[in-house]
Amino acid sequence: MSEASRPRRVTGADVAREAGVSRATVSYVLNDTASQKISETTRLRVLEAVARLGYAPSASARSLRKGRSDIVLGLLPDWPIEHVLGRLVQRLTSAFAEHGLTFLVYSAAQPARPVREIWKALTPAAVLALDEFPESEADAMRSAGIDVVMAVHGSPHGRSRPPLVSEEPIGAAQARHLAAAHRRLGYACPDLPGLGALARSRLDGVRKVCAELGLPEPDVRVVPFAPEGAMEAVRAWRSATPPVTGICAFNDAVALSVLVALRSLDLRVPDDMAVIGVDGTPAAALAQPPLTTVVRDTDALARELARRVVDALDGGRIPVDPLRDALWVLVRASA
């Protein structure tokens, strides 16, 4: 399309001409400037002109006026965007919107543009990363004027600070539930390297509970989504000394793979082996038998994360203490 034929962007001056008012009046109306008295008739005339012309204020102009962007950039690691992660993104979008902020998500799934190119192009007010990233990257963001840089499951300051959201309590909740009836536990890891950090943290929770209760170290196996590989893991657990009779799975998807393997081997759940997952996915309720699972209050988590970002943008210090994460075990027939 040539420059001559490309539609021209509607400006505030166009709105002013359409409404028969000054550009300053358009600005006062659109920004709801409290110090300026605008009659209701004039206000409605401006808003009607905005609607007729399809005017959208420039994001860069808004940033200059407010002194910062209204964008919070969410950085997703190379994780599968499934039910739980998708739900968290939705809840974060809503939580930031309540504070007048726009939550934009960028996934690092390969191939992808370097993250630095993304935040430089957007110049967000804040960056909320789900995983750890280098301190050098965080420093570069701050030097570019990004006020708040936070990592959910890691820290832009390395291992010297705890993550904002710890996964250890999830594994601990699984282990405590199974330990009431099982003296040897197994841990089912996902067959996805990108989830390794989350899996290790949840496994640490299982290990700590086993040590606290005097149980043997959990027997850790990678459980693929292929039936034969999952059956191999179950056979190994059954032949261990002492045999493993309770499985803490990384999430519901891995737990479902274990259930399929148990059924293929004609083993009874939970009599021969009990299984507990994580996430409370819809599929867990449809499993045979229905899957016991650890559920996280995603709504509360999203609201608290948004509140911390907003408080920091408003001049407060960025808190480093972990969030209180509401968890509960949804008990079904598998455990």
Keeping the roles fixed (side chain from [X], backbone from [Y]), state whether a donor-acceptor pair exists under 3.5 Å.
X	Y	value
Asp279	Asn251	no
Thr293	Gly280	yes
Arg268	Arg263	no
Ser239	Ala236	yes
Thr25	Val21	no
Glu304	Leu323	no
Arg184	Pro242	yes
Ser94	Gln90	yes

query = If you draw a 6.0 Å radius around CZ in Arg116, do more than 12 non-hydrogen atoms from other residues or ligands fall strictly inside?
reply = yes
Quiz item: cation-pi between Arg202 and Phe250, 6.0 Å / 45° = yes
Carboxylate-amine/guanidinium contact [X] [Y], below 4.0 Å:
X	Y	value
Arg235	Glu232	no
Arg176	Glu212	yes
Arg45	Glu48	no
Glu82	Arg87	no
Asp204	Arg200	no
Glu167	Arg296	yes
Asp311	Arg308	no

Distance in Å, [X] [atom1] paired with [Y] [atom2], rounded so as to fall on 0.5 Å steps:
X	Y	atom1	atom2	value
Ser334	Leu256	OG	CG	9.0 Å
Leu305	Thr298	CG	OG1	10.5 Å
Leu47	Leu30	CG	CG	7.0 Å
Leu262	Ile247	CG	CD1	7.5 Å

query = When hydrophobic residues are tied together by side-chain contacts of less than 4.5 Å, even through go-betweens, does Val152 share a cluster with Leu88?
reply = yes
request  = Would you check, one step at a time, whether the test side chain to side chain donor-acceptor pair (under 3.5 Å) holds for Thr281 with His83?
outcome  = CA-CA 7 Å; Thr281 59; His83 175 76; over 6 Å; no
